[in-house]
J.: 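Before we start, here is the structure in question, set down as structure tokens.
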Amino acid sequence: MAESKTLTAADEQQFAEAIAVANIPTLLMVLVQLTGETHWLEEPYKPGRQTGMGDNDSGGLDPRHQAEVRDAALEAIVAWKRGRPVAMPEPSTEMLVRMLSVSMSEHVPDEYGEFTGAQLGQIKFLDHEPYNLPEGFKVLIIGAGVSGLCAAINLQMAGVPFEIVERHPTVGGVWWENKYPGAGVDTPNHLYSFSFASYDWQNYFCLRDELHGYLEHVSRQFDIRKHVSFNTTVNTVTYDEQTQRWTIEATGPDGRADVREANVVISAAGLFNPPVEPNIAGLDSWTGEKWHTARWPNDASVAGKRVAIIGNGASCMQTAPEIQNDVASMDIYQRSTHWAAPFDSFRKPVSDPMRFLFRECELYRNWYRVRLGWTFNDRIHSALHKDPNWEHPERSLNAQNDAHRAYFTKYMADELGDKADELLPKVLPTYPPFGKRMLMDNGWYRMLRNPKVSLLDDRIDHIEGNTIVTADGTAREADVLVLATGFDVLRLINTYETIGRNGVSLREAWDDDNAQAYMGTVVPGFPNFFILYGPNLQPGHGGSLIFVVEMQVRYIMDMIRKMTDLGIGAVEVREDVWATYNENVAREHEDMVWTHPGMTTYYRNDRGRITINSPYRNVDFYDMTKAVDLDEYTIEPLRQGELVAD
């Protein structure tokens with residue numbers, strides 16, 4: 001980890017400018033590793049804890065001690081760039097826990113040591129040593145979004161032959177599809193990105209175009225596009241028990257049938273598709289302009305028009321503030337209330353000095369990412385559990401969750417300003433914080449003070465022409481109707497049919513919307529079929545899905561290695577292993593916020609079962625996916641001569 005570079009005076013000046021504004025808790029971690037001096041973890045340099053989800057840039061240190069940290073960091077980083085070795089290149093797991101605890105100014109449990117080392121790239125996460133592949137072995141990936149790219153890049157690193165089928169004209173998945181105004185991430189993109197592919201981000205929370213640009217960049221950086229069949233739609237995948245392989249029937253860009261075979265299929269079709277429309281009488285007869293947020297036309301204009309938006313979830317919360325000043329008026333038909341957190345870094349650009357530091361100092365970049373991971377991932381997990389002795393179960397889960405409720409309620413009232421008395425009763429949820437997807441405030445509450453904007457909580461009864469009629473009989477006209485009504489997320493893998501053993505489809509196995517998989521990845525009856533972003537894998541307590549997918553890919557790669565090393569032709573998770581795992585998931589959920597009776601949520605199906613969110617911490621899933629246990633699988637030896645031909 002030693003650099004060796006001739007630094008110019010201009011280079012040193014850039015480092016000085018960057019470190020002068022860099023994050024103090026992150027600089028402290030860099031200092032400890034570069035110098036080996038652990039007094040930086042003690043007073044008077046220990047950061048104080050910051051409430052909320054901000055970066056805590058000053059660490060709460062007084063200016064004199066901040067200056068000492070910055071001066072020492074500049075000297076250490078410049079010396080490292082000139083060739084001085086890193087004094088502590090691989091801290092022990094105990095030291096990593098101590099460092100993260102100091103950096104966050106809170107207790108970090110001991111089990112996060114190895115997890116943190118893997119995130120820093122200091123503990124081996126995934127084995128890319130060449131695989132012992134039988135002739136003709138091939139993997140087919142469905143989808144070239146975030147998950148598909150992750151699988152493809154790791155397969156390529158290990159030399160495993162693969163191909164991708166993608167229905168869109170380019171990579172990106174939902175980040176190609178969703179082009180509505182204000183579309184963007186609600187997780188910092190230094191965290192919502194691949195651990196193996198850094199990027200020169202222009203913003204801390206990027207909008208859709210920058211994120212899609214990142215995915216395009218990654219696909220080219222790793223030369224993945226040559227493996228992708230674009231504009232090709234998978235219709236059916238069918239398992240052949242005799243040949244131990246899958247047949248993939250698709251429709252190519254010219255409309256002709258496209259049939260392929262593979263030993264392993266990885267479904268990376270995603271969760272947020274297809275878009276759904278509400279069941280409202282007369283919706284199909286709307287006479288004005290109409291579209292779903294996920295299908296926002298490239299040439300659409302709402303300037304000077306009366307706009308009605310049905311739904312007020314994540315896509316509306318991003319769209320409405322963005323277009324509020326363009327429209328003549330905007331009626332938002334609220335279907336439910338949501339909690340939203342302050343968004344301190346919304347539209348905040350990464351300064352040129354900081355972009356330089358992120359590019360030039362890997363230790364700083366990685367520790368910054370680790371701190372984001374703690375803030376946005378597992379930090380609040382304990383607050384999402386029900387306290388059986390809590391005296392206010394109708395509004396919160398426990399004392400910590402109740403404190404979150406008070407904090408977010410005050411924030412809402414402050415943002416609503418002189419409209420708080422009128423609007424707070426409309427927007428304040430009755431259910432506990434984090435019960436639904438926690439949204440980030442893009443200026444939503446301030447927007448509600450705009451005289452052009454009306455938030456309506458009356459149920460829509462029907463639509464006549466370009467008029468929306470609510471249950472109280474009020475009729476309101478609009479020129480444009482925007483459906484911000486989400487996706488068919490409960491029916492996972494719904495864009496193509498999957499047929500496993502004995503002709504049973506995945507839809508039948510899951511009884512339509514009751515998706516269950518072992519570790520969100522494998523299902524009995526569907527050998528050699530792996531699901532990325534499968535059931536019960538969304539980190540509902542917040543944070544980045546991408547590292548969850550990386551952990552899944554690690555598990556799948558280990559399975560492929562075991563299959564090829566041991567001459568295995570088919571692997572299928574045992575029914576009892578699958579059942580026990582999902583019973584445990586349901587049991588864990590009973591103690592968590594998403595089973596609270598005071599709300600409806602897309603996380604939960606009509607049976608009351610949580611099928612989307614994971615009840616586990618990321619560190620738990622990290623341990624689960626370290627290595628495949630073949631005793632949990634039914635295994636068939638490879639039938640010689642039955643491999644897929646090139």
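Computed from a predicted structure; not experimentally measured.
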J.: Is a side-chain donor or acceptor of His381 paired with a backbone partner of Pro615 at a separation under 3.5 angstrom?
T.: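 It does hold such a pair.
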J.: Is Phe529 close to Ile493 at the side-chain level, that is, under 4.5 Å between some pair of heavy atoms?
T.: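 Touching, per the 4.5 Å side-chain cut-off.
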J.: Do Phe162 and Phe137 come within less than 4.5 Å of each other through their side chains, counting heavy atoms only?
T.: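 Not touching, per the 4.5 Å side-chain cut-off.
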J.: Minimum heavy-atom separation for Leu357 and Ala18, please, with both atom names.
T.: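 Heavy-atom minimum between the residues: CB-CB, 3.8 Å.
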J.: Hey, what's the ring geometry for Tyr204 with Tyr368, parallel, tilted or perpendicular (30° and 60° as the breaks)?
T.: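 Plane angle between 30° and 60°, so tilted.
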J.: Are side-chain heavy atoms of Thr236 and Ile499 found at a separation under 4.5 Å?
T.: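 Yes, side chains in contact.
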J.: Has the side chain of Asn613 got a donor or acceptor atom that lies under 3.5 Å from a matching backbone atom of Leu537?
T.: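 Checked: no pair found.
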J.: Could you state the interatomic distance from CG (Leu120) to CD (Glu362), rounded to the nearest 0.5 Å?
T.: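 Spacing of CG (Leu120) from CD (Glu362) equals 9.5 Å.
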J.: Determine, stepwise, if the pair Glu94 / Arg98 fulfils side-chain contact (heavy atoms from CB on, under 4.5 Å).
T.: CA-CA 6 Å; Glu94 293 80 11; Arg98 180 186 174 194; over 6 Å; no
J.: Is the closest side-chain heavy-atom distance between Trp367 and Leu27 below 4.5 Å?
T.: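 Side chain of Trp367 against side chain of Leu27, heavy atoms only: no contact under 4.5 Å found.
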J.: Run the salt-bridge test on Asp558 and Lys562 with the 4.0 Å N-O cut-off and return the result as yes or no.
T.: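 Yes, this pair counts.
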J.: Please work out whether the ring planes of Tyr555 and Tyr633 are parallel, tilted or perpendicular, with thresholds of 30° and 60°.
T.: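 The arrangement is tilted - the two ring planes meet at 30° to 60°.
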J.: Could you walk me through whether Leu28 and Met99 pass side-chain contact (heavy atoms from CB on, under 4.5 Å), step by step?
T.: CA-CA 9 Å; Leu28 286 167; Met99 293 171 72; over 6 Å; no
J.: With a 4.5 Å heavy-atom cut-off, do Val108 and Trp374 have their side chains touching?
T.: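 Contact flag for Val108/Trp374 side chains = yes.
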J.: As a quick check of understanding, evaluate side chain to side chain donor-acceptor pair (under 3.5 Å) for Ser195 and Glu550, giving each step before the final call.
T.: CA-CA 8 Å; Ser195 65; Glu550 289 190 38; 2.5 Å; yes
J.: Under the side-chain contact (heavy atoms from CB on, under 4.5 Å) criterion, do Thr521 and Ile531 qualify, and how do the steps go?
T.: CA-CA 5 Å; Thr521 308; Ile531 306 164; 5.7 Å; no
J.: From Met551 CE over to Leu126 CG, what is the distance, rounded to the nearest 0.5 angstrom?
T.: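 It comes to 12.0 Å.
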J.: Considering non-hydrogen atoms only, spot the tightest contact between Leu34 and Val86 and give its length.
T.: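 Where Leu34 meets Val86 most closely, the heavy atoms are CD2-CG2, 3.9 Å.
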J.: Does Lys179 count as lying over the ring of Trp175, i.e. NZ or CZ under 6.0 Å from the six-ring centre, within 45 degrees of the axis?
T.: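 No cation-pi geometry.
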J.: Counting distance only, does the side-chain N/O of Arg208 pair as donor-acceptor with the main-chain N or O of Trp176 below 3.5 Å?
T.: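 Looks like yes, one N/O pair under 3.5 Å.
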J.: Could you check His212 against Glu216 for side-chain contact (heavy atoms from CB on, under 4.5 Å), going step by step and ending with a plain yes or no?
T.: CA-CA 6 Å; His212 182 252; Glu216 290 276 4; 3.1 Å; yes
J.: Are side-chain N/O atoms of Thr6 and Arg82 paired as donor and acceptor at under 3.5 Å?
T.: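 There is no such pair (donor and acceptor under 3.5 Å, judged by atom type) between the side chains of Thr6 and Arg82.
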J.: What do the steps show when you test Tyr239 against Gln244 for side chain to side chain donor-acceptor pair (under 3.5 Å), and what is the final call?
T.: CA-CA 7 Å; Tyr239 184 68; Gln244 299 175 314; 5.4 Å; no
J.: Would you check if the side chain of Trp578 reaches a backbone N or O of Gln516 as a donor-acceptor pair within less than 3.5 Å?
T.: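 Here the side-chain-to-backbone pair exists.
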J.: Given the rule in the ring-ring contact (aromatic ring centres under 6.0 Å, His included) test, do Tyr199 and His217 qualify, once you have shown the distances and angles that lead to the verdict?
T.: CA-CA 9 Å; Tyr199 193 57; His217 165 79; 5.1 Å; yes
J.: Hey, is the main chain of Leu207 close enough, under 3.5 Å, to the side chain of Glu210 for a donor-acceptor pair?
T.: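 Checked: no pair found.
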J.: Are the side chains of Thr232 and Thr251 in touch, meaning some heavy atoms are under 4.5 Å apart?
T.: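 Side chain of Thr232 against side chain of Thr251, heavy atoms only: no contact under 4.5 Å found.
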J.: Rounded to the nearest 0.5 Å, what separates atom CG in Asn528 from atom CG in Leu140?
T.: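 Those atoms lie 13.0 Å apart.
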J.: Taking 4.0 angstrom as the limit, do Lys626 and Glu114 come out as a salt bridge?
T.: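 Looking at Lys626 and Glu114, the cut-off is met.
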J.: Is the charged tip of Arg617 near the ring of Tyr112: under 6.0 Å from the six-membered ring centre and within 45° of its axis?
T.: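 No; the conditions do not both hold, so Arg617 does not lie above the ring face of Tyr112.
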J.: Strictly distance-based, threshold 3.5 Å: is any side-chain N or O of Tyr131 a donor or acceptor partner for the main-chain N or O of Met557?
T.: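 Pair found, side chain donor or acceptor close to backbone of Met557.
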J.: Given the ring of Phe358, does Arg365 sit roughly above its face, with NZ or CZ under 6.0 Å from the centre of the six-membered ring and within 45° of the axis?
T.: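 Geometry flag: not set, cation outside 6.0 Å or 45°.
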J.: Roughly how far, to the nearest 0.5 Å, is OG1 of Thr580 from CD of Glu575?
T.: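 Interatomic distance, Glu575 CD to Thr580 OG1, rounded to 0.5 Å: 10.0 Å.
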J.: Could you tell me whether a side-chain N or O of Glu636 sits under 3.5 Å from a main-chain N or O of Ile568, the two making a donor and an acceptor?
T.: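 Judged by distance alone, no pair lies under 3.5 Å.
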J.: For the pair Trp201 and His190, name the ring-plane relationship: parallel under 30°, tilted 30 to 60°, perpendicular over 60°.
T.: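 The arrangement is perpendicular - the two ring planes meet at more than 60°.
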J.: Between Arg507 and Thr498 (side chain of the first, backbone of the second, donor and acceptor by atom type, cut-off under 3.5 Å), is there such a pair?
T.: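 No, Arg507 side chain to Thr498 backbone: no donor-acceptor pair under 3.5 Å.
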J.: Does Asp240 reach the main-chain N or O of Thr247 with its side chain, forming a donor-acceptor pair under 3.5 Å?
T.: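 Answer holds: no.
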J.: Please tell me if the side chains of Leu31 and Glu37 come closer than 4.5 Å, counting only heavy atoms from C-beta onward.
T.: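 No, every pair of side-chain atoms sits at 4.5 Å or beyond.
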J.: ring-ring contact (aromatic ring centres under 6.0 Å, His included), that's the test. Do Phe621 and Tyr616 meet it? Break it down for me.
T.: CA-CA 7 Å; Phe621 196 64; Tyr616 300 116; 8.2 Å; no
J.: Could you tell me which non-hydrogen atom of Glu572 sits nearest to which non-hydrogen atom of Gly525, and how far apart they are?
T.: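 Nearest heavy atoms, Glu572 then Gly525: OE2-N, 2.6 Å.
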J.: Taking Glu261 first and then Arg245, would you say they form a salt bridge - that is, a charged N and a carboxylate O separated by under 4.0 Å?
T.: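 Salt bridge: yes.
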J.: Under 4.0 Å between a Lys/Arg side-chain N and an Asp/Glu carboxylate O for Asp513 and Arg491?
T.: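 Looking at Arg491 together with Asp513, the answer is no, because their closest N to O distance does not fall below 4.0 Å.
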J.: Before we go on, tell me: are the rings of Phe547 and Phe115 under 6.0 Å apart, centre to centre?
T.: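 Phe547 vs Phe115: aromatic centres under 6.0 Å.
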J.: Quick check for you: to the nearest 0.5 Å, what is the distance between Ile266 atom CD1 and Ile141 atom CD1?
T.: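 Spacing of CD1 (Ile266) from CD1 (Ile141) equals 5.0 Å.
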J.: Please identify which of these residues, Ser544, Ser198, Ser193, meets the side-chain hydrogen bond (donor to acceptor under 3.5 Å, both in side chains) condition with Arg369.
T.: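 The single option meeting the side-chain hydrogen bond (donor to acceptor under 3.5 Å, both in side chains) with Arg369 is Ser193.
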J.: Do side-chain atoms of Tyr214 reach the backbone of Asp209 as a donor and acceptor pair under 3.5 angstrom?
T.: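 Pair absent, no side-chain N/O of Tyr214 close to backbone of Asp209.
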J.: Indicate yes or no: at least one non-hydrogen side-chain atom of Gln122 is less than 4.5 angstrom from one of Leu96.
T.: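 Yes, side chains in contact.
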J.: Go through the steps to decide whether His168 and Asn231 satisfy the test side chain to side chain donor-acceptor pair (under 3.5 Å), and finish with yes or no.
T.: CA-CA 5 Å; His168 294 314; Asn231 295 306; over 6 Å; no
J.: Which label fits Phe356 and Phe15: parallel for a plane angle under 30°, tilted from 30 to 60°, or perpendicular past 60°?
T.: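 Aromatic pair Phe356/Phe15 classed perpendicular.
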J.: Show your working on side chain to side chain donor-acceptor pair (under 3.5 Å) between Tyr496 and Ser267 and close with a plain yes or no.
T.: CA-CA 10 Å; Tyr496 62 90; Ser267 176; 2.6 Å; yes
J.: If you round to the nearest 0.5 Å, how far is CD of Glu166 from CD1 of Ile142?
T.: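 Result: 11.0 Å between the selected atoms.
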J.: Could you pull out the closest heavy-atom pair between Ala197 and Phe222, with the gap in Å?
T.: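 For Ala197 versus Phe222, the nearest heavy atoms are CB-CE1, 4.0 Å.
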J.: Would you call Asp258 and Arg260 a salt bridge, taking side-chain N to carboxylate O under 4.0 Å as the test?
T.: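 Arg260 and Asp258: salt-bridged.
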